[in-house]
Every structure is written in C-alpha cells, then in structure tokens.
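Single-structure report; data block below.
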Amino acid sequence: MQLLDGKVVSAHFKQEIAAEVAAIRTASGKIPHLVAILVGNDGASETYVANKVRSCQELGFQSTLLRFEPTITESELLDAVRRVNENPDMDGLIVQLPLPGHINPDRVMETIDPRKDVDGFHPINIGRMAKGLPAYVSATPQGCLMLLEYYGIETSGKHCVVLGRSQIVGLPMTILMQRNTYPGNCTVTVCHSKTKNLPQITRQADILVAALGRPGFVTADMVKEGVVVIDVGLERVPDASKKSGFALKGDVLFDEVAPKCSFITPVPGGVGLMTIVSLMKNTLQAARGK
Ligand code: GUN
C-alpha cells in the first residue's frame with residue numbers, strides 16, 4: 001500500500017505556482033488576485049476560506065475576502081458578484097458553499113463571469129469540461145486527477161466507481177474519468193443514495209472515489225485487493241481528545257481499508273490539500289488570460 005500523499009504533491013505544485021506568480025509579477029507587475037465571498041459563519045466554511053486566503057499569501061497571490069451576514073438578500077449577493085465581475089483587478093471569484101437556504105446557489109453560480117469562475121461551477125465551465133474543451137475544472141476533482149497523474153496511476157480501461165453525485169465532486173469526477181485523455185478512459189459507474197447492491201458494485205472498482213460526506217462509510221468488505229482509493233470526504237466528527245473538539249474523518253474507514261489498497265489518500269493530508277492547489281492553479285490561469 002502506498003499513500004497518495006497530498007502533502008508531497010501539493011508542495012510540488014505550490015512551488016511551481018509560486019515561481020510562476022513571481023515571474024508574472026516581474027514581467028508585468030501584475031499580481032494574480034482571488035476574491036472569496038463568505039456568507040454567514042458556518043464553521044467548516046470559515047476554515048476552508050481561511051485556508052484559501054492563507055495559501056494566497058503563501059504563494060504570492062493577492063486575496064480579498066468579502067464577508068456578508070447570513071441575512072443578506074439574494075439580490076444583494078448577486079450585486080456583489082457583479083461588482084467583482086466588473087473589476088478588472090480581480091481575476092478569480094469563489095462563493096463559498098453552502099449558502100443560506102433563502103439564496104439559490106445556481107443563480108449565484110450563473111451570475112459569476114465564467115472567465116473568473118475559478119471554482120468551475122458555472123454551467124458554461126461544466127459544459128465545456130464535459131465536451132473536453134478548455135475550462136475551469138472544479139478544484140476538488142482536479143486535485144484528484146493531479147494525485148493520479150503525479151503517481152503515474154494507470155487509468156485507461158479501468159473501472160472507476162464514484163460514490164456520490166454532488167455537483168461539486170461526484171458529477172464532475174464521473175465526467176472527467178471517462179474522458180478520452182489521461183487520467184481518464186475509465187469505465188465509470190456512479191453510485192448514490194438510491195443505488196441497490198452498493199457493496200457488490202464497489203467491490204468491482206479498480207479506482208474508488210468516495211465523495212458521499214458520510215464518515216467511515218466505506219469498509220474493508222466493500223473493496224477488492226489492489227484497489228486505488230481516493231477519499232474526498234472531510235467531515236468534522238466530535239472528538240473530546242482534540243483541542244478543537246472535533247477530528248476530521250473521511251468517507252473511508254482508513255485503518256481497515258488501507259491494507260487492501262495499492263494506493264489510498266489519507267484524511268486529512270490527501271485530497272483536501274490538493275483542492276487548494278488546484279484553486280490556485282485556476283486563479284493563475286485566470287490572471288494569465290488577461
Ligand atoms: N464548499 C465545499 N467545497 C467547496 C468548493 O470547492 N468551493 C466552494 N466555493 N465552496 C465549497
């Protein structure tokens with residue numbers, strides 16, 4: 001069993017990205033600029049956004065965090081998005097999800113200028129990705145592909161089973177893994193809450209992507225020997241022994257599944273670290289596109 005080590009891979013790509021940011025700055029004086037919109041104060045979202053802002057500082061990007069009360073109206077939020085769209089100094093925009101229930105996330109995503117949509121959530125970017133055209137690919141699926149690529153894992157002709165059909169991870173992952181490119185060319189099965197005989201399907205997986213958001217859902221009896229497991233889950237589970245009061249758990253019961261795997265991502269220290277790197281990569285691309 002070998003770890004798909006997000007620490008190693010993200011450090012590699014961060015170095016590359018920081019060097020490119022410095023080169024752009026020297027050549028043109030331009031500093032790639034990421035804007036994050038955070039509505040309300042959901043604990044996990046606060047952590048994710050703080051990590052994104054910290055990564056910007058670390059890699060030499062400019063960042064702006066726009067915070068709004070959870071009572072903001074949808075139309076006020078859409079206006080804030082439009083102001084970022086129109087600001088030529090702002091290259092990339094993310095609106096952290098989830099949003100409060102009275103705001104339609106699809107309307108917000110559709111309002112973001114697709115050229116600044118570094119999360120890759122706009123229907124134009126999802127459509128372009130599905131067609132294999134240049135597009136912003138959403139950060140977490142792209143991070144998974146970067147791990148597969150970095151470790152040179154063969155994907156062609158393999159059976160990839162994706163657990164979960166979220167718009168952020170499951171759906172794009174199924175599209176990306178069946179594309180006629182590397183990493184890709186898989187036979188893809190997507191499983192969700194209505195899937196019958198799920199363990200029977202997961203046991204057929206050469207590559208298993210777990211993106212359900214259910215801590216410890218995947219157990220050893222659900223995978224075959226030699227499987228490659230990518231655990232996208234990152235849930236806060238109460239843990240009195242931790243200073244924060246919680247531990248981060250993936251969708252896979254690591255200790256019992258790992259011995260059967262050829263490769264597996266740890267949680268934390270796997271996909272989560274790659275998500276930020278791919279967001280930075282997309283923001284760099286947005287800045288270069290000017
Ligand atoms: N919430 C959970 N994951 C993500 C993400 O990748 N982007 C945004 N904007 N919100 C999220």
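Whatever order the structure lists them in is the order used to number ligands and atoms, beginning at 1.
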- Item | Which residue and heavy atom of the protein sit nearest atom 6 (O) of ligand 1, plus the separation | Asp119 OD1, 3.8 Å
- Message: Whether Arg288 and Asp91 form a salt bridge (side-chain N of Lys/Arg under 4.0 Å from carboxylate O of Asp/Glu) is what I want to check.
- Response: no
- Provide the full list of salt bridge (charged side-chain N to carboxylate O under 4.0 Å, His left out) pairs with a residue in residues 240-261, sequence neighbours left out, each pair given once. none
- Query: Among protein heavy atoms, which sits nearest to atom 3 (N) of ligand 1, and what does the distance come to when rounded to 0.1 Å?
  - Reply: Ile168 CD1, 4.2 Å
- Task: Considering only Ile, Leu, Val, Met, Phe, Trp and Tyr, and joining two whenever side-chain heavy atoms are under 4.5 Å apart, list the other residues clustered with Phe217.
- Result: Met1, Leu3, Val161, Leu163, Leu198, Ile201, Leu208, Leu212, Val218, Met222, Val223, Val227, Val229, Val252, Phe254, Val257, Ile264
- Query: Do NZ/NE/NH1/NH2 and the carboxylate oxygens of Arg67 and Glu46 come within less than 4.0 Å?
  - Reply: yes
- Task: Please determine if Arg115 and Asp113 form a salt bridge, counting it only when a charged side-chain N lies under 4.0 Å from a carboxylate O.
- Result: yes
- Task: May I ask you to identify the nearest protein heavy atom to atom 4 (C) of ligand 1, giving residue, atom name and distance to one decimal place in Å?
- Result: Gln96 NE2, 4.0 Å
- Query: Is Leu97 close to ligand 1, meaning an N/O of one under 3.5 Å from an N/O of the other?
  - Reply: yes
- Is Thr140 close to ligand 1, meaning an N/O of one under 3.5 Å from an N/O of the other? no
- Report, in ascending order of atom number, the atoms of ligand 1 lying under 4.0 Å from any heavy atom of Val95. 8 (C), 9 (N)
